[in-house]
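Working notes for the structure below.
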Amino acid sequence: MPELPEIEVLRRSLEPHLLGDRIERVEVLNPALREPVDAAGLRRSAAGREVAALRRRSKYLLIDLAGGRTVVVHLGMSGRLTLAPAGAPLEPHEHVAFHLRSGRRLRLRDPRRFGMVLALPTADLSADPHFAHLGVEPLEPGYAGATLAGAARGRRGPVKPFLMDATVVVGLGNIYATETLFRAGVHPTRSVARISERRWERLASSSIEVLRHAITQGGTTLNDFADGEGRSGYFQVALAVYGREGEPCPACAAPVRRIVQAGRSTFYCPRCQK
DNA sequence: CGGGCGGCCTGGAGGC
DNA sequence: TGCCTCCAGGCCGCCC
């Protein structure tokens, strides 16, 4: 489900509640996620620790704890991480619950089980195999057309899967790569070898605009995304082409087309995207 | 080595 | 109402 904007929205919604609170107890209800949850390790790392910071890297939420360890949460496709009041009943597909000093519990539900939860030493995060290969953060300084152009040098293949390649730039999944291409006026099948400097600049700035706009709208809720307090996002109404096969392009009214690239749906306007 | 594809899972939607 | 097929926001490993 969630791409960069959704995780950033989640981070911001949880931050005021979790900062300074303490994880009293960790309950692993069902360890079967993409990587089996190491219940004992998670407990050792997190139980009795105060939350020192909430960060995000790529599509991972990072919960830094006092004592030098970080709880890493990935929502996969269908994960939800929400705060529940004390005594709230277990919900279906609840995998992990962090019981807080405040009485609430931070719980992870994930029907499709593509998510993950692990605890790592905070200082070594970037060296961990989950993070070591990741590319630049698109909302941090230094990301620009030259970043993309440099990564594309010597490569071939269509630009859409390239934008979704997390070793190049992180956070762009199927929705936001699709919307970025529309905003930049670039055809999704165009080879990365045939994109000008100016187009790379446009792609970079378009991606930043799309991501920022989505964050201000609370992310995109197609089915299951919700922030830490269970609120849905609104960006789905602002999607220009994603999920809109056959509907008129918002710019020129030509019917939006759907194709499949690398096994994923791509939507584009055949007139606006060259 | 880079790119494409299947597989991991469950649930919801739509067709019949 | 029920059954079947298709599809879904991520990511990894295998294959060519």
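Letters A, B, ... are given to chains in the order of the sequence lines, protein chains preceding strands, and every chain is numbered from 1.
Using a 4.0 Å cut-off, no side-chain N or O of A:S78 falls inside it from OP1 or OP2 of C:dA8. Contact annotation: A:N223 does not reach the phosphate of C:dA8 (side-chain N/O to OP1 or OP2, under 4.0 Å). Distances shorter than 4.0 Å separate some side-chain N or O of A:R155 from OP1 or OP2 on B:dG3. The side chain of A:Y242 places an N or O atom within less than 4.0 Å of a non-bridging phosphate oxygen (OP1 or OP2) of C:dG9. Remark: A:K59 is in phosphate contact with C:dC11, judged by side-chain N or O atoms under 4.0 Å from OP1 or OP2. Using a 4.0 Å cut-off, no side-chain N or O of A:H93 falls inside it from OP1 or OP2 of B:dT10.
Electrostatic pairing of A:E201 and A:R199 does not count as a salt bridge here, judged by no charged N lying under 4.0 Å from a carboxylate O. Using a 4.0 Å cut-off between charged side-chain N and carboxylate O, A:E3 and A:K59 make no salt bridge.
Distance CD (A:E3) to P (C:dA8): 13 Å, rounded to an integer number of Å. Atom CZ in A:R80 sits about 13 Å away from atom C1' in C:dG9, given to the nearest Å. When the P atom of C:dG9 is taken as reference, atom OH of A:Y234 falls 23 Å away, rounded to whole Å. Between the C1' atom of B:dG11 and the CD atom of A:E91 lies a distance of 16 Å, rounded to the nearest Å. If you measure from atom CZ of A:R264 to atom P of B:dG7, you get 16 Å, rounded to the nearest angstrom. Atom P of nucleotide B:dT10 and atom CD of A:E94 are separated by 18 Å, given to the nearest angstrom. Rounded to an integer number of Å, the gap from CD of A:E245 to C1' of C:dC7 is 13 Å. Going from atom NE2 of A:H133 over to atom P of B:dG2 covers 13 Å, rounded to whole Å.
Between B:dG11, C:dC11, C:dA8, one nucleotide has an atom nearer to the side chain of A:H74 than all others, and that is C:dC11. With B:dT10, B:dG4, C:dG10 as the candidates, the nucleotide lying closest to the side chain of A:R34 is C:dG10. Comparing C:dG9, B:dG11, C:dA8 by their closest approach to the side chain of A:N174 singles out C:dG9. Of the candidate nucleotides B:dC9, C:dG9, C:dC12, C:dG9 has the atom nearest to the side chain of A:L222. The side chain of A:Y60 lies closest to C:dC12, out of C:dC7, B:dG4, C:dC12.
Within the 4.0 angstrom heavy-atom criterion, only backbone atoms of the sugar-phosphate kind lie near A:G173; the bases stay farther away.
In this pair, A:F114 does not lay its aromatic ring on the base of C:dC11; centres under 5.5 Å and planes under 30 degrees do not both hold.
Without hydrogens or angle criteria, A:R257 side chain to A:E245 main chain gives no donor-acceptor distance under 3.5 Å. Side-chain N or O atoms of A:Q261 include one that pairs as donor or acceptor with a backbone N or O of A:P188 at under 3.5 Å.
Straight-line distance between the P atoms of B:dC9 and C:dC3: roughly 24 Å, to the nearest whole Å. Spacing of P atoms, C:dC11 relative to B:dC1, comes out at 23 Å, to the nearest Å.
Taking the nucleotide of DNA chain B with the nearest heavy atom to each of A:G154 and A:A262, the more 5' of the two is matched to A:G154.
Between A:Y268 and A:T189, the closest side-chain pair of non-hydrogen atoms is not below 4.5 Å.
Below the 3.5 angstrom threshold, one finds a donor paired with an acceptor across the side chain of A:R112 and the base of C:dA8.
Nucleotide B:dC16 forms a pair with C:dG2, judged by Watson-Crick or G-U wobble geometry with both contacts under 3.5 Å.
Using bins of under 30°, 30° to 60° and over 60° for the plane-to-plane angle, the ring pair A:H74/A:Y60 lands in the perpendicular bin.
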